[in-house]
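Below is one structure, written out as structure tokens, with a few remarks after it.
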Amino acid sequence: MLVDGKAIAGYILEAVAREVTALDYVPKLSVITCAPNFETQKYLEMKKQKAGAVGINLNVVELAVDSVTKDVTDCIEQVAKESDGVLVQLPLPSQIDREVVLSAVPVDKDPDGFLYGREEGACLPPVVGAIDEISTKYNLDWASKKVIVLGQGRLVGQPAASYAEKNGAEVTIFTKETFDQSKLKTADIIISGIGQPHFITRELVKDGVIIFDAGASEDGGVLAGDVHPEVAEVASLFTPVPGGIGPITIAYLLRNLLRLVRQYK
Ligand code: GUN
């Protein structure tokens with residue numbers, strides 16, 4: 001079954017829009033970006049469009065390509081004073097220390113939930129929020145399921161693995177380097193955030209597998225997932241790219257912003 005991410009995002013966004021209407025001011029989300037790549041630009045366009053549609057002011061701050069860590073942390077400090085949320089768009093160029101930057105975002109201004117599991121009051125990271133929405137909608141039971149997480153990134157792999165563990169799953173994490181193809185067939189649920197187009201093919205997975213594909217990357221000018229679309233034919237649940245996890249993640253991010261407004265403003 002194909003997950004209709006746009007429909008799920010649609011009802012989240014409707015609720016966000018209703019909440020925004022009830023406020024007496026326009027909430028503001030600042031997005032800091034540095035040397036944005038193709039995927040980042042796509043995400044930014046989508047975030048801007050969706051934020052505008054629900055009445056949120058999305059303010060993009062683009063830093064010079066040669067910015068260093070302190071430029072980014074200074075910028076965070078400054079924009080945090082005048083925004084309800086601050087999002088540092090990943091990936092960042094290699095001269096910037098990502099962990100230093102991400103810990104500079106105060107928990108009460110962090111709709112990305114980078115401090116989830118580390119600090120009280122952190123938001124659920126949007127990708128995990130998207131997985132959670134889908135799990136609720138389709139009554140997925142994670143307890144004792146064999147889950148393979150591909151990737152260990154801060155946006156997908158790390159938070160998704162802790163979500164699966166918290167829900168009682170048996171979790172194995174592979175990176176591009178440690179990936180063992182033969183193991184993929186043992187998985188009941190695969191969560192992929194590796195960023196390699198159509199890397200997982202039909203013969204690698206078992207029939208009835210549940211696929212959460214959060215690995216959007218560029219393939220010849222279009223957005224492609226980590227999982228080949230033909231896998232949908234054998235999967236019991238499949239999130240396509242585009243139109244699966246991506247739109248829900250953006251909606252969830254905006255929902256998180258409203259949560260910060262409610263909780264901390
Ligand atoms: N890069 C791609 N998606 C995202 C996102 O949701 N948050 C951040 N911080 N960076 C991203």
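Keep in mind the model is a prediction, meaning the values are calculated, not measured. Atoms within each ligand, like the ligands themselves, are counted from 1 in listed order.
Any N or O atom pair closer than 3.5 Å counts here, and Val88 shares at least one such pair with ligand 1. Distances between N or O atoms of Gln89 and those of ligand 1 include at least one value under 3.5 Å. Remark: ligand 1 and Asp112 share an N or O pair separated by less than 3.5 Å (distance only, no angle test).
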Can you give the donor-acceptor pairs under 3.5 Å from side chains of residues 111-123 to other protein atoms, not counting sequence neighbours?
{"residue": "Tyr116", "atom": "OH", "partner": "Lys166", "partner atom": "NZ", "Å": "3.0"}

Would you be so kind as to tabulate the donor-acceptor pairs closer than 3.5 Å made by side chains of residues 59-67, with sequence neighbours excluded?
{"residue": "Asn59", "atom": "ND2", "partner": "Ser30", "partner atom": "OG", "Å": "2.9"}
{"residue": "Ser67", "atom": "OG", "partner": "Ala64", "partner atom": "N", "Å": "3.3"}
{"residue": "Ser67", "atom": "OG", "partner": "Ala64", "partner atom": "O", "Å": "2.6"}

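Using modelled atom types, no side-chain atom of Asp84 and backbone atom of Val261 make a donor-acceptor pair closer than 3.5 Å. A donor-acceptor pair under 3.5 Å is absent between the side-chain atoms of Lys109 and the main chain of Val105, judged by distance alone.
Two rings, from Phe179 and Phe199, have their centers less than 6.0 Å apart.
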* Take Glu19 and Arg262, measure what salt bridge (Lys or Arg N to Asp or Glu O under 4.0 Å) needs, and give me the verdict at the end. => CA-CA 10 Å; Glu19 250 192 274; Arg262 239 185 289 126; 2.9 Å; yes
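With a heavy-atom cut-off of 4.0 Å, Leu253 does not touch ligand 1 at all.
Judged by the shortest distance from any of its heavy atoms, Lys47 lies inside the 4.0 Å radius around the atoms of ligand 1. For the ligand labelled ligand 1, residue Thr40 lies outside the 4.0 Å heavy-atom shell.
For atom 10 (N) of ligand 1, the closest heavy atom belonging to the protein is Leu90 N, 2.9 Å.
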